[in-house]
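First up is the structure itself, then whatever we jot down about it.
Below, chain A is the first sequence line, B the second, and so on; all start at residue 1.
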Amino acid sequence: MLDIQLLRKDLPAVVAGLGRRGVVFDETAFRSLEDERKTLQTRTEELQAKRNSLSKQIGMLKGKGDDTSAVMTEVAGLGDDLKANEVALAALQERLNAFLRVIPNIPRADVPAGKSADDNVEVRRWGTPRQFDFTPKDHVDVGAALGGLDFETAAKLSGARFSVLKGGVARLHRAIAQFFLDVQTQEHGYTEVYVPYMVSGECADGVSSLAKFKEDLFKIEGRDLYLIPTAEYPVTNFVRDSILDIKDLPLKFACHSPCFRSEAGSYGKDTRGMIRQHQFDKVEVVQIVPPDQSADAHEALTSHAEAVLKKLELPFRTMLLCTGDMGFSSAKTYDLEVWLPAQNTYREISSCSNFEAFQARRMGARFRNAQGKTETLHTINGSGLAVGRTLVAILENYQRADGGVDVPKVLQSYMGGTTSLPPG
RNA sequence: GGAAAGGUGGCAGAGUGGUCGAAUGCGCCGGACUCGAAAUCCGGUGUACGGGCUUCCCGUACCGUGGGUUCGAAUCCCACCCUUUCCGCCA
């Protein structure tokens, strides 16, 4: 959520900032809501003040045993007017709030303007795609040859966009997650956390807009609970409705969890294989920091995600997303894209975003600064990394002509010393 | 799932209709005392929104959440949520 103080103080800056991401801010609607709010609030608070002071008088008179009927009559006259104003004010604040909560974040100044993924900017590239002396298969065929990827059984169980892993492939999948968690906790200082895989609507609306994106989530029937689309949902909400001590910052968490996404609106996209699934595993890294540290923390967090790709020796590039391709809550996002030989292209495997105060404001996450004043925190998170897509990348990049797949060096110890998955 | 008890400030804990945003203690901050510290003493110490002559003052709201009763609700009524204990069930 944007800072309403900023909207009041410098509306043109907000309009211009949102304009960069192609969002038209309805100034007229906002101004009229604000004007009405001001009138109603002033009027309501005046009436409340009057009622309070008259009621206190009644209390004092009764204490002395004096007659209160005159004051009672006076205060009774306020009743209907006051009630009407209170109801109107509450309704208006509800509208103002709803209005504000569906407005996306303002991109940072260093985010390039653009309309779509085509306008994203490559900021660096690492590794050289392997030259194959045979035609590389895609991960579906590689997995099938290993007897480890079974989409038919998954479809029988749950329909499209699910997968069943078996044998060495299932073990490799587990190894990847363990490896990610170990790197992030042991080398980058994140605290490992285990969390609920369902969160309340309130928490969901803290990290994004539930009103706008609820069709992307799986909801539990008859309950105010949603399956998490990323561990960002529970983990960022650790600090909801709280005021942290500056000495406890920054907070850094790493969390392995399954992620559930309805993938509404992605019909026909990535239908083959496990690129786009309703359920996938991910290790998420989250940082909660004071505002003056968020830009640096965002760069650091991105490098933490890159570090695991380097260790896996998977070629990737880092893209700075343009204003038009960023998520709702983000002020600046880097996507890491891993090389997939069968597609002959780079595909997203991590997304690292700085939300600045946007999520924290929605959640009521604050800290007490050096001056002792409460201030809104900044939140940052990224995938470190997506486990399923990493499996895909390994199967494709490490495949052999004989149909086997080599296990990346750093994962071998997680596989009981296994150096390769044999064909058949 | 059944029964009971309970949810109050950073923490503990008082408050069962009227100057209660809330006693008291602890903690924390500032000051005094001290060479320094401890102890002691004095003062201060919630959040959000609105307004103002904007290091401060004023108003409003907030005692789990949402409704209701009342001139007035932390206090009474209703619903819900959560916690604890006991019983049942269960990986």
Side-chain angles (χ1 to χ4, degrees), chain A residues 1-11 30-101 194-206 210 220 222-226 234 237-249 251 258 357-377:
Chain A
M1 177 162 60
L2 299 179
D3 184 1
I4 190 144
Q5 308 294 355
L6 179 66
L7 283 151
R8 287 174 188 151
K9 211 170 58 198
D10 194 357
L11 192 55
F30 176 72
R31 285 221 170 84
S32 89
L33 281 171
E34 257 296 278
D35 286 348
E36 206 183 329
R37 187 226 95 224
K38 205 163 178 171
T39 311
L40 269 175
Q41 183 166 347
T42 309
R43 176 75 182 138
T44 304
E45 290 185 359
E46 275 170 6
L47 288 168
Q48 286 172 327
K50 195 163 179 188
R51 178 207 54 200
N52 289 347
S53 81
L54 289 175
S55 290
K56 267 184 185 172
Q57 274 185 44
I58 293 171
M60 285 188 286
L61 290 173
K62 284 206 166 174
K64 288 189 286 186
D66 290 351
D67 176 55
T68 59
S69 57
V71 189
M72 293 272 257
T73 316
E74 192 183 354
V75 77
L78 295 174
D80 292 346
D81 195 15
L82 176 58
K83 189 77 188 168
N85 273 278
E86 282 177 340
V87 168
L89 180 63
L92 191 81
Q93 276 168 337
E94 193 71 29
R95 271 167 64 203
L96 193 54
N97 201 34
F99 177 88
L100 287 174
R101 287 186 87 87
Y194 170 83
V195 299
Y197 299 152
M198 302 173 207
V199 296
S200 67
E202 203 175 39
C203 286
D205 200 61
L210 192 57
I220 304 301
R223 308 212 33 184
D224 179 35
L225 283 175
Y226 296 82
N237 274 288
F238 281 9
V239 294
R240 120 178 321 275
D241 284 329
S242 54
I243 301 175
L244 304 183
D245 195 316
I246 193 167
K247 74 175 193 304
D248 296 326
L249 300 173
L251 294 176
F358 190 84
Q359 294 183 324
R361 199 173 291 116
R362 298 172 86 86
M363 292 187 298
R366 294 149 295 168
F367 74 107
R368 218 172 283 287
N369 66 21
Q371 288 74 47
K373 292 245 189 282
T374 57
E375 201 178 333
T376 306
L377 286 159

Worksheet item: At under 4.0 Å between heavy atoms, what does A:N52 touch on the DNA or RNA strands: base, sugar-phosphate, or nothing?
Response: sugar-phosphate
Item to complete: Apply side chain to side chain contact (heavy atoms under 4.5 Å, CB included) to A:F358 and A:L2, showing your working.
Response: CA-CA 6 Å; A:F358 190 84; A:L2 299 179; 4.2 Å; yes
Fill in: Nearest-Å distance once atom C1' is located in both B:rA3 and B:rG15
29 Å
Item to complete: Using a cut-off of strictly less than 4.0 Å, decide whether A:K56 has a side-chain nitrogen or oxygen near OP1 or OP2 of B:rC20.
Response: no
Practice prompt. Please state the C1' separation for the pair B:rU54 and B:rC11 - nearest whole angstrom.
Written response: 34 Å
Worksheet item: The side chain of A:S55 lies closest to which of these nucleotides: B:rA61, B:rG18, B:rU47?
Response: B:rG18
Discussion item. By the 4.0 Å heavy-atom rule, please label A:I4 as base, sugar-phosphate, or nothing.
Written reply: nothing
Fill in: Nearest-angstrom distance, C1' atom, B:rG9 to B:rG44
15 Å
Worksheet item: What nucleotide among B:rU60, B:rA48, B:rC49 has an atom nearest to a side-chain atom of A:A49?
Response: B:rU60
Practice prompt. Quick one: the dot-bracket string of RNA chain B, using Watson-Crick and G-U wobble pairs with both distances under 3.5 Å, [ ] for crossing pairs and | for bases paired to another strand.
Written response: ((((((((.[[[..)..(.....]]]((((((.......))))))(((((((...))))))).[[[[[..)....]]]]])))))))....
Discussion item. Test your reading of the model: is there a side-chain donor-acceptor pair from A:R37 to the backbone of A:Q93, 3.5 Å cut-off?
Written reply: no
Worksheet item: Is A:R51 near enough to B:rA61 that one of its side-chain N or O atoms lies under 4.0 angstrom from OP1 or OP2?
Response: yes
Worksheet item: Counting any heavy atom closer than 4.0 Å, what does A:I58 reach on the DNA or RNA strands: base, sugar-phosphate only, or nothing?
Response: base
Practice prompt. Identify, residue by residue, the members of residues 367-375 of chain A with a heavy atom below 4.0 Å from RNA chain B, and return them in order of residue number, or none.
Written response: A:R368, A:T374
